Amino acid sequence: MSKNPSSMPPAFDPQAIEAGWYARWEKEGLFTAAAKSKKPKYTICLPPPNITGELHMGHALNHTLQDICARYRRMAGYEVLFLPGMDHAAIATQNVIEKQLAAEGMTKEQLGREAFEARVNEWYAEVGDTIVSQDRILGASLDWSRLRFTMDPRYVRAVMTAFVSFYEKGWIYRAPRIVNWCPRDRSAISDLEVKWQVHDDVLFFIKYPIEGGGDVMIATVRPETMLADTGIAVHPTDDRYKHLIGKTAILPLVGRKLPVVGDEAVEKDFGTGALKVTPGHDPMDYEIGQRHSLEVVNGMNPDGSMNVPGLPYDGLPALEARRHVVEDLKAQGLLVKEEPYTHEVGHCDRCDAVIEPLISEQWWLRMEVMRDKALEASAAGKVRWHPDRYERTYLDWLRGLRDWNIGRQLWLGHRVPVYYCDNGHQLVAVERPHECTECGSTTLTQHPDVLDTWFSSALWPFATLGWPEETGDLEAFYPNNMNSTAREIINLWVSRMIMTGLEFMGEAPFADVAIHCQVQAADGRRMSKSLGTGVDPRGLITKYGTDAVRAWAASVAMSSQDVRFDESRVEGYRRFCNKLWNATRLVLASAGDATVAPPAPQALEDRWILSRLSRTSAAVTAGIEGFKFQDSMAAAYAFAWNEFCDWYLEAVKERLRSGDVVAQGVALSCLDHVLRLLHPTMPFVTEELWSRLPGRRDFLMRAAWPDLQSADPEAEETFGQVMAIVEELRGHRQAAGAPPRGGMLFLDASTDRTVAALAARLSWTELSPDALDAGIPLGTRPGRVSFPVAAGDSRNKAQLKRLTSDLEKTEAQLANPEFRANAPFDIVRKLEERAAEIRAAIDRLST
RNA sequence: GGGCGGCUAGCUCAGUUGGAAGAGCGCCAGCUUGACAUGCUGGAGGUCGGGGGUUCGAAACCCUCGCCGCCCACCA
């Protein structure tokens with residue numbers, strides 16, 4: 001890394017500079033956290049990415065945010081652990097592999113369990129590598145020495161320990177209940193894994209005969225489930241039907257006797273007001289059945305086919321059975337009518353199959369105690385949400401929390417640590433027991449169920465640190481400090497981490513939760529591979545560089561609304577990188593390797609830019625600390641481009657060229673600090689440029705975070721006058737059609753001579769010692785400008801018009817006695833000053 | 001059925017306790033300015049979704065309507 005500025009090509013090339021830095025940081029051990037460090041700790045456990053195999057926009061966004069926090073805290077003096085990991089994502093992975101197999105004309109059953117597992121492990125290895133390499137490209141400063149996987153033996157032990165602990169508290173039990181059954185995965189899934197989709201179906205109206213004469217009509221969209229009906233329910237106060245309560249209906253096609261019961265859960269106004277009760281296949285029916293002791297009939301096999309022995313529909317897939325049932329009802333004259341009906345149907349989040357609610361015996365985890373602790377923690381302000389409205393989302397869900405179905409009937413995942421001996425005794429243990437503790441039998445079988453993926457994810461903030469062992473990492477880095485995720489997994493994941501953290505560690509796992517926005521495709525649709533609307537961040541990185549993509553991520557991520565992807569914004573940040581690059585070139589061309597400490601700045605532009613730098617550093621810091629990364633980005637961007645480059649560098653170019661050490665020193669100091677301020681967001685270009693500054697031996701990555709307290713309001717006010725004059729002069733020049741340079745400027749004695757000189761220099765005019773007879777009067781200060789060509793005054797006319805209209809508005813407000821009576825004094829005074837200024841400007845322009 | 005978010009310039013979005021409407025991109029015009037044409041300068045463009053209200057003053061607070069989008073929810 002030569003410091004010779006001539007070695008810097010005029011164009012910033014992200015590929016060229018990004019290549020080496022990540023490896024250098026890593027080699028230097030800058031990502032590795034020291035548990036024994038005396039510094040305050042800051043921990044982020046990166047949410048384990050779902051095994052999709054590819055980095056998508058959500059990761060780019062989410063990982064960038066966390067990396068910003070991690071890098072910022074390192075610079076601010078913290079010992080930072082940013083821990084990477086991967087999740088086995090049982091149901092998702094199983095689906096991916098099954099799809100691969102299907103493409104090869106195979107099923108997992110044909111392959112066999114062992115070969116299937118081998119194949120899965122290959123996949124994990126491959127995808128793991130991909131994810132790791134993608135985070136490197138993204139520049140995420142992760143501690144790879146602590147990479148964790150939920151299937152690592154140590155992690156598995158943590159999962160088992162949690163299960164056993166819950167079991168010993170009596171919170172885990174096994175019971176039959178209506179669950180969401182995915183017939184394709186042949187597993188139960190939780191309520192949170194069900195996605196509802198609108199279906200256009202048919203509502204069938206069917207007559208059930210009543211014993212002793214008459215009939216009752218019900219409505220259903222799933223006639224095939226009637227084969228498992230065990231009752232009829234009506235509302236107890238429904239005059240149309242209440243005389244039927246206690247009587248018996250005969251189930252068509254089956255002949256089963258169905259008690260008619262009265263239950264308040266029935267809506268009188270919906271359908272026919274009479275409800276067929278199918279406790280084995282509908283959650284509400286199940287509850288009605290429980291209240292009235294109705295029989296539970298399971299009419300469906302795990303693969304979704306009908307389980308109705310003795311009937312002609314036995315073994316048929318549900319939809320086929322539906323057709324036959326409808327035909328047969330029609331033939332018997334029991335199908336009264338069909339109506340189109342639009343409603344929502346549950347689908348499996350992972351494989352999209354239609355969910356069949358059915359009765360099934362499952363492992364359940366009682367949540368009351370953990371829920372209450374989580375609620376208390378929130379009430380005590382232990383967990384802060386950003387944006388804060390998500391706290392309500394979380395609390396609402398928490399309050400309505402029911403027992404968690406933690407069992408899955410999959411091939412992949414953590415096996416439930418429950419064993420049975422051949423005498424029927426049940427054992428629950430972290431390690432597989434050698435013999436039954438009750439009878440000594442050594443023939444033990446493990447329960448076939450695995451755990452919900454989210455059961456293991458819930459332990460992430462401490463299981464990754466070695467829990468249940470009391471490791472140094474756990475001691476040093478728990479609790480974590482922040483967690484950043486997409487809002488769709490607030491309930492699936494964040495809430496559960498909070499609950500288990502409180503339960504096992506006695507402390508919330510993190511103090512801050514950041515929920516980033518969702519990036520939509522440019523047309524507002526969801527970004528998805530299947531829709532073809534996805535944008536691959538790696539393509540963007542290749543095109544614009546990592547820093548540009550990260551800067552874009554920072555600028556949109558905490559948006560209060562979801563954002564539509566706009567590539568031109570990414571491109572804009574690449575240009576910003578180029579701007580920083582060239583600003584550095586300019587300064588280095590003058591300063592070279594000089595490292596002399598400059599004397600204290602006296603010049604107005606020096607004092608001004610240092611003051612602006614100080615304010616910028618405060619704004620950038622506040623933005624990161626307040627999870628408003630867009631504010632940080634905007635502040636640094638505006639300072640670097642619109643103040644440092646546009647004004648300061650233009651003002652000191654001559655001084656730099658002539659070797660003015662003060663200007664060199666100030667410019668270098670601005671660069672040094674703005675690179676520090678931008679480093680968390682744009683690590684590569686800043687590290688590269690910083691390394692080229694004179695006297696740099698170390699990494700920017702571990703340089704100190706700026707804490708500047710040198711605001712100079714007087715310099716800002718005075719330099720503001722310069723800017724106003726220069727801007728006006730530029731306007732006149734263009735309106736007059738004058739060449740870019742040349743012209744005479746006169747500013748009377750009321751304008752400070754420093755201001756006048758600087759304004760003349762920056763506007764490429766010559767300062768005239770004497771008043772000008774001809775020329776254009778100025779609005780900003782008393783004075784005139786004349787250009788070498790005949791000047792039109794069209795601009796002054798337009799300006800006058802605008803000023804006059806402004807003055808009218810301002811005076812109208814000031815003339816309102818109520819305004820004067822009610823508005824704070826400061827506001828009134830400001831308005832009066834403004835009116836005076838406008839009047840003065842009008843005066844000057846009219847002369 | 002509940003709840004939340006959004007509607008601001010042609011586009012994508014900012015707008016921090018109410019006190020002169022902003023940025024980037026795009027558009028128009030002018031500039032081979034000794035860092036950068038990935039640049040510089042000037043400019044056009046908005047009755048802040050509609051309608052009420054509170055207030056001296058509303059993009060911002062309240063009500064209401066209209067569209068988008070999301071989350072939660074056992075009405076067949």
Side-chain angles (χ1 to χ4, degrees), chain A residues 5 8 10-12 178 191-192 196 203 218-222 225 233 265-267 269-272 274-278 282-287 341 343-344 357 387 389-390 392-393 396-397 400 487-488 490-491 517-518 520 522 524 526 544 555-556 559-569 571-590 622 626 628 630-631 634 637-638 642 645-646 649-650 653 656-657 727 730-735 737 739-741 764 795 798 806 809-810 813 816-824 826-828 830-831 834:
Chain A
M8 289 180 76
F12 160 72
I178 291 278
D191 292 346
L192 292 173
W196 296 86
L203 191 59
I218 59 88
T220 180
V221 281
R222 299 168 71 212
T225 64
V266 180
E267 288 286 333
D269 298 333
F270 190 84
T272 64
L275 175 70
K276 75 193 226 2
V277 185
T278 322
D282 184 282
M284 187 174 92
D285 290 14
Y286 181 77
E287 281 171 24
Y341 183 60
H343 65 145
E344 294 205 321
R389 69 188 130 91
Y390 286 113
R392 239 191 83 180
T393 308
D396 284 349
W397 179 79
R487 61 170 175 266
E488 63 196 15
I490 290 174
N491 298 333
C517 76
Q518 204 98 46
Q520 302 168 339
R526 201 183 166 89
Y544 303 109
S555 72
V556 302
S559 170
S560 62
Q561 60 181 321
D562 289 342
V563 295
R564 297 185 174 201
F565 179 65
D566 180 3
E567 189 167 331
S568 74
R569 284 183 72 171
E571 193 182 352
Y573 286 114
R574 184 189 58 177
R575 292 212 274 250
F576 180 55
C577 292
N578 186 61
K579 194 71 181 174
L580 293 172
W581 180 266
N582 277 291
T584 307
R585 278 181 77 216
L586 174 68
V587 175
L588 290 186
S590 148
K628 292 185 171 179
Q630 67 277 19
D631 292 356
Y637 183 102
N642 305 120
C645 290
D646 288 351
L649 289 181
E650 290 305 326
K653 262 181 182 172
L656 287 177
R657 222 169 277 147
E727 275 164 356
R730 285 173 183 159
H732 287 311
R733 188 188 289 284
Q734 296 243 353
R741 297 184 179 192
W764 298 100
R795 183 184 147 98
D806 281 356
K809 269 189 269 178
T810 312
Q813 199 175 352
N816 180 353
E818 290 191 279
F819 169 71
R820 286 185 176 279
N822 293 306
D826 273 357
I827 299 294
V828 178
K830 250 168 77 178
L831 211 62
R834 192 189 307 153

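Keep in mind it's a predicted model, so treat the numbers as computed, not measured. Numbered from 1 within each chain, the chains take letters A, B, ... in sequence-line order. Side-chain atoms are counted along with the backbone in the values below, which use heavy atoms only and exclude waters and symmetry mates.
Listed nucleotides B/rU12, B/rA76, B/rU38 differ in distance to A/R574; the shortest reach to its side chain belongs to B/rU38. Minimum atom distance to the side chain of A/T393 is reached by B/rC71, of the listed B/rA14, B/rU12, B/rC71. Minimum atom distance to the side chain of A/R585 is reached by B/rC36, of the listed B/rU41, B/rC36, B/rU12. For A/N491, the listed nucleotide lying nearest its side chain is B/rC72; candidates were B/rG26, B/rC72, B/rG19. For A/R834, the side-chain atoms get nearest to B/rA20 when compared with the rest of B/rA76, B/rA20, B/rG24. If you check B/rC72, B/rC36, B/rU33 against the side chain of A/L192, the one that comes closest is B/rC72. Proximity note for A/L275 (side chain, C-beta onward) versus B/rA76, B/rG19, B/rA35: the nearest is B/rA76. Of the candidate nucleotides B/rA76, B/rA29, B/rC36, B/rA29 has the atom lying nearest to any side-chain atom of A/Q734. Among B/rA76, B/rU33, B/rC4, the nucleotide with an atom closest to any side-chain atom of A/H343 is B/rA76. If you check B/rA76, B/rU33, B/rG19 against the side chain of A/K830, the one that comes closest is B/rG19.
Relative orientation of the A/H343 and A/Y341 rings is tilted, given thresholds of 30° and 60° on the angle between their planes.
Looking at residues two or more places apart in sequence or on another chain, you find no side-chain hydrogen bond (donor to acceptor under 3.5 Å, both in side chains) involving A/Y390.
The distance from atom CD1 of A/I827 to atom C1' of B/rG19 is 4 Å, rounded to the nearest whole Å. The interatomic distance linking A/D282 (CG) with B/rA73 (C1') rounds to 14 Å, in whole Å. In this structure, the CG atom of A/D631 is 10 Å from the P atom of B/rU16, given to the nearest Å. Rounded to a whole Å, the CZ atom of A/R730 is 6 Å from the P atom of B/rU41.
Counting any heavy atom pair closer than 4.0 Å across all strands shown, A/K628 reaches no nucleic acid atom. As judged by a 4.0 angstrom heavy-atom cut-off over every strand, A/Q813 is placed among the base-contacting residues. Heavy atoms of A/C645 sit under 4.0 angstrom from at least one base atom. Nucleic acid contact class of A/R392 (heavy atoms, under 4.0 Å, all strands): sugar-phosphate only. In this structure, A/P824 reaches the bases: a heavy-atom distance under 4.0 Å links it to at least one base atom across the strands shown. Within 4.0 Å (heavy atoms only), A/A11 reaches at least one base atom of the nucleic acid. Heavy atoms of A/S559 sit under 4.0 angstrom from primed sugar atoms or phosphate atoms, though from no base atom.
Electrostatic pairing of A/E650 and A/R730 does not count as a salt bridge here, judged by no charged N lying under 4.0 Å from a carboxylate O.
Applying the 4.0 Å criterion to OP1 and OP2 of B/rA35, one finds that A/N582 has every side-chain N and O outside that range. At B/rA76, one or more side-chain N or O atoms of A/Y341 fall inside 4.0 Å of OP1 or OP2 (strictly under the cut-off).
Shown here is A/W397, whose CH2 atom has more than 12 heavy atoms of other residues, nucleotides or ligands within 6.0 Å.
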*Apply side chain to side chain contact (heavy atoms under 4.5 Å, CB included) to A/S555 and A/Y637, showing your working.*
CA-CA 11 Å; A/S555 72; A/Y637 183 102; over 6 Å; no
